[in-house]
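Please read through the structure below; I'll follow up with questions.
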Amino acid sequence: MQNKRDFQARKDEYSAVGRWDVYRVEGYAKASGQARFTNDILLPDMLWAKYLRSPYAHARIVSLDTSKAEALPGVKAIIRYDDPEAAKIPLLDEAFYEGDRVGAVVCAESEEICDEALRLIDVQWEELPFTLSAEEALEPGFPKIHGGSAEDNLFSSAPINQRGDIEQGFAEADRIVEFDWVHPILCHSAAELWCSVADWEGNPESGHGEHITNYITTQYPKGMERISTSMVDLPDARGTCRSSYLGCSFGHKYGTRAKALEAVSLFSKKTGKPVKMSLSRSEDQAVITDSPGKVHFKVGFRNDGFITAIHIKNLVETGQGGSVCCKAGGVQGTPGLGGGSNRGGVWANFKCPNILNESIGAYTNTTIQAWYRGPDYPTVGLCVVTWMVADALDMDPAEVALKNVFEYEPGVGGVYSLDECIREAKERIDWDSKWHAPGAKQLPNGKMHGIGFRWAEEYDHGFYPPVEDPEKTYGSAFGIAVEVMTGGKVRLIGCLSDPGASTHTAYAMIAAEEIGAKMEDVTYLPHPNSSDVGFMPWPWGGSMGMVNTGPSCREAARKAKELLIKIGAPRLGVTPDECDTKDSTVYVKAEPKNSIPFASCTSFSHVTGGLVPVCYQDPVNNYQVTMTEVEVDPETGLVELTKAVVVNDVGTAIRPASVEGQMYGGYIFGIDSGLWAEAIYDEATGVRLNANYLDYKIATILDTPPIDAHIEEIGTGSGVYGSVGVGEDDFCRVNYPLAVYNAIGKWVQIPCTPDKVLKALGKI
Amino acid sequence: MRVFEHINAKTIDEAVSALSGGNARVIAGGTDLLGTMKDEILPEYPETIVNLKTIPGLDYIKEEGGMLKIGALTVLEDIAIDSVVKSKYAALAEAAFRTASPHIREMGTIGGNICQMNRCWYFRNPNNRFDCVRKGGGMCYATAGDNRYHSIFGGVLACMAVNPSDMAPALVALDASIVTSAGREINAEDFWTADKGVKSTVLEDDEIVTEIQVSEFSGKSAFIKFALRKSIDFPIVNCAAAISNGTARICLNAVFNNPYRATKAEESIAGKTIDEANAEAAGAAAVQGNMALTMNKYKIQIAKVMVKRAILACA
């Protein structure tokens, strides 16, 4: 239980917001298994679909014989690359990575029949040149290895981002350090696998009554609606996309990169039956990953720790494209490839006046890429630079952070609180007695003790970038509808997927707060959690779910309250301005005992606050600090985590349990990729070697140290009740190389595996 | 998975006769077999699965005639928590406890554990992607490929896959015997082989493990495992040591095709006081003659340390 003191104060102020003792509205459904995830959907007469996948890193189909597969009993349809509708998916005759969908997709009565049909497809392949290396891809004359329009393998060469005068900055520096940093390929590893079910209905000849419903694992139901209707040549108005419970997302369940949605939509119309596609774990791992890269930093700084110049050269392996921009350009937090984001990182978090970023992205024969749990990459660069400077000057890295942090102006974005977050974290982990010179502390058990400090100022923006065009502004609105039903109970209807943070409960808390309802009287309707209910064209896939959608929920609840009072006041014999609401009643302010329950106000009809679209555009930023203690076995190179403190200033915690959960989740999520996890490919063939959970290593609870997650509520911002969001930076694998450096006095690139640690220690 | 025939064997003889019919495999806990089938890693898909769990009387741990006897169908969790095994054959209990995860220990049997196939990621790549030397192909892809988890002592037929069992080194160190349906009593040290194709053992196609026997052991034994995660991982290196009256039996695993008995370490520590210096010397002796591949030199260092720590744990 965090923030007892604040909790107590909050309780006086709010009836629901900020309370720990609120059950999740969807808690029983999730805990009991009743919650229906997309993978749980089974419809009558449902068929299944599956893609043919390439065994080669780059190959073209010379001939494709599907006749045996078509003749297999139970096979209902096959779409080949040379069928007209294949272009919609698209499905090509060329594969650009091992595991790429290519040539054909089959539809049959069961997944097993799909598998058998795929085995019966006779393919003659022509293997083509491939590479896993961005450097090699960019070599002059290297063959084109991607399906994009560029003739060479340059994915994107960002406009050079710069501010100030880099040469001047280095001239002003007392010291200069240079170093390289490498990011391996990561897999999102969401618990729920990619899945989509399409259910087309209507008269195929006249088109009468045509409608397509999709159930899909997505963060973005509204956008998926558009894609599924386009597959079957329907206007958007004739599509519905449903995604209620979502078994995690971590950024990659945003678009349709798994291409399940496209295929099942086509097949559903073709066969007139519901069709489902669910990716296997190895497919999920092998088709979508994070963006890896190599970065060279040159950093100039004064002897007092102030950074005067940062020059970054960034080479990104962009795989076969996708959402590369955010991560690739964001390696240092600069607007980068494809427009990118400037959330967090060196660019946005340091006030350093002279920064030059040169980013290049090159296609490689690995997967499609997607965002990966927020702006982790920029934070990696930010923290490594902080530590490199601190180390060179023998300074406390926290002092370097404080010296260089860009302090956003107080106001809408939130209040500066990095100093307070650092103070709190240091006290909680006892930094002053534990931090030491690198490699200086051997414990009685023979292991080397280390402690790491990671910080971030996560900056984000509602509907980023802000739009001026009224059409876009209105079209970017978020919405949750609020109704007070006959019987006096409140329900919320929206189209927001819940990826696990229990956001539905948080919205219910806002509604309870504003309407003056008892928390137990408020529910969030999980079905339909549907794109045809409510707004939200712009997804929270851009993060900031609560900050974006909270205002709409609050406005709708306020409208509903206004109506309840209008109905209740005459019955209480007073005017509306003499009334207020609490505990699901309308009461007379001057005489609180004179009240009537909501149920009496809604005995004739329900009352709706309707949907109040709000386009949130203000910036928010929150400050986050993580400190981690490790023990490194100098004989084996094994790194073990012993303690962690996570401090996150969220402005106001709407639902503190969700905030805390996000902080735990973020920390634990970073363990894998900090210590062990990376996608590993065979260089000779380009085949992925570890597309499974034994060899791609996810942390178990035994590997997780005790985590002290502390919620700060200083940085009041412009979100509802002063919230600025939890952000995603609590996930940060950079914790571990920093702590390992403090333990052994040597830099080890992530993941900090024993072989690298032993090598750094000179043991091998 | 594909369609297959499933036979519930009632007796050992029935199982053996079902196996002699051709392309058949046995299933007990299924924790290894089902993975191989789902991923279709093997050149041949089994037509028949013979279930051994329906054979009564193969699930026991007992002391009898001066030896510990463990039925082949005994699950690892039962071995890990058995008070006799824990007190007299500590290496065996610890090896069982460090295997996989709680769920898998409740499913997986000792018979299955010692017969499991190797975990080489070329060998295990889905859809039989690599026609490697163990599958009758011409080459070992790991030798020139990513061999971070592979053999540090070379390989039979040039295969660089390692034996991944945690139980195996404990059984070798404790000088156990494996009793089979064919009436063979195979010394643990001779039980594993890499020259019978995809299999890891000397068993014939229609031969199954029925019992594990360990002669009464009065010394001290220990098992140490090095893996990245604290649960569920296969070993990068593990080591069991059994020391009695100045004589040591030490076995490493995950360093060679078969469990690797560290005879040079045994000689090094024989008759000596168990202390840091002597244990370290034995560790160094254990890895003599190693042949590291391009990416697994670190395993030599870890093997040394595992031997040292296993010996010290026997003090």
### Query
Which one, B:Arg309, B:Lys299, B:Glu40, B:Lys308, leads in non-hydrogen pairs under 4.5 Å with chain A?
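The option with the most such pairs is B:Arg309.
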
### Query
chain A heavy atoms under 4.5 Å from B:Lys38: which part of the residue, side chain, backbone, both or neither?
neither

#### Entry: Distance-minimising heavy-atom pair for A:Pro754 and B:Leu228
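The pair with the smallest heavy-atom distance is CD-CD2, 3.4 Å.
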
#### Entry: A:Leu694 versus chain B, the contacting section by heavy-atom distance below 4.5 Å
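It is both, since atoms from each part get that close.
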
### Max heavy-atom pair count under 4.5 Å with chain A, selected residue of B:Asn125, B:Ile236, B:Asn127, B:Ile300
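Looking at each of B:Asn125, B:Ile236, B:Asn127, B:Ile300 in turn, B:Asn125 comes out on top.
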
### Engaged part of A:Asn692 at the chain B interface, taking heavy atoms whose separation is under 4.5 Å
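Neither the backbone nor the side chain of A:Asn692 comes within 4.5 Å of chain B.
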
#### Entry: Close side-chain approach of B:Phe130 and A:Val687, heavy atoms under 4.5 Å
yes

### Task
Find the distance between CZ (B:Arg129) and CD (A:Glu98) and round it off to the nearest 0.5 Å.
6.5 Å

#### Entry: Under 4.5 Å from a heavy atom of chain B, the part of A:Glu635 involved
both

#### Entry: More than 12 heavy atoms of other groups within 6.0 Å of A:Lys643 NZ
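Above 12, so yes.
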
### Task
Please determine, among A:Asp633, A:Ile671, A:Asp115, the option with the most heavy-atom pairs under 4.5 Å with chain B.
A:Asp633

### Query
Among B:Asn296, B:Asp146, B:Asp233, which has the most heavy-atom pairs under 4.5 Å with chain A?
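Top option by heavy-atom pairs under 4.5 Å: B:Asp233.
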
### side-chain contact (heavy atoms from CB on, under 4.5 Å) assessment of B:Lys297 paired with A:Lys759
CA-CA 10 Å; B:Lys297 207 173 162 197; A:Lys759 198 166 183 189; over 6 Å; no

### Residue B:Glu44 excluded, over 12 heavy atoms near CD under 6.0 Å
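Result for CD/B:Glu44: open.
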
### Query
If you draw a 6.0 Å radius around CD in A:Gln442, do more than 12 non-hydrogen atoms from other residues or ligands fall strictly inside?
yes

### Message
Does any backbone or side-chain atom of A:Arg688 lie under 4.5 Å from a heavy atom of chain B? Answer side chain, backbone, both or neither.
### Response
backbone

### Query
In terms of heavy-atom proximity below 4.5 Å to chain B, should A:Ile698 be classed as side chain, backbone, both, or neither?
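Contact with chain B: backbone and side chain both.
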
#### Entry: Residue part contacting chain A, namely of B:Arg148, when any heavy atom lies under 4.5 Å
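Side chain of B:Arg148 only, per the 4.5 Å heavy-atom cut-off to chain A.
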
### Message
More than 12 heavy atoms of other residues, nucleotides or ligands under 6.0 Å from CZ of B:Phe97: yes or no?
### Response
no

#### Entry: Check: B:Gln301 side chain, A:Thr636 main-chain N or O, donor-acceptor pair, under 3.5 Å
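Side chain of B:Gln301 to backbone of A:Thr636: no pair is present.
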
### Query
Is a donor on one side and an acceptor on the other found under 3.5 Å between the side chain of A:Asp682 and the backbone of B:Ala142?
no

#### Entry: Region of B:Ala227 that comes under 4.5 Å of a non-hydrogen atom in chain A
backbone

#### Entry: Region of A:Ile680 that comes under 4.5 Å of a non-hydrogen atom in chain B
side chain

### Task
State the CG-CH2 distance between A:Asp695 and B:Trp121, to the nearest 0.5 angstrom.
6.0 Å

### Message
As an exercise, state the distance from CZ of B:Phe226 to CG of A:Leu638, rounded to the nearest 0.5 Å.
### Response
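Reported to 0.5 Å precision, the distance equals 4.5 Å.
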
### Task
Can you tell which part of B:Met1 gets under 4.5 Å to a heavy atom of chain A, answering side chain, backbone, both or neither?
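B:Met1 touches chain A through backbone heavy atoms alone.
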
### Message
Closer than 3.5 angstrom, by distance alone: can the side chain of B:Arg229 be matched with the main-chain N or O of A:Asp703 as a donor-acceptor pair?
### Response
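Side chain of B:Arg229 to backbone of A:Asp703: no pair is present.
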
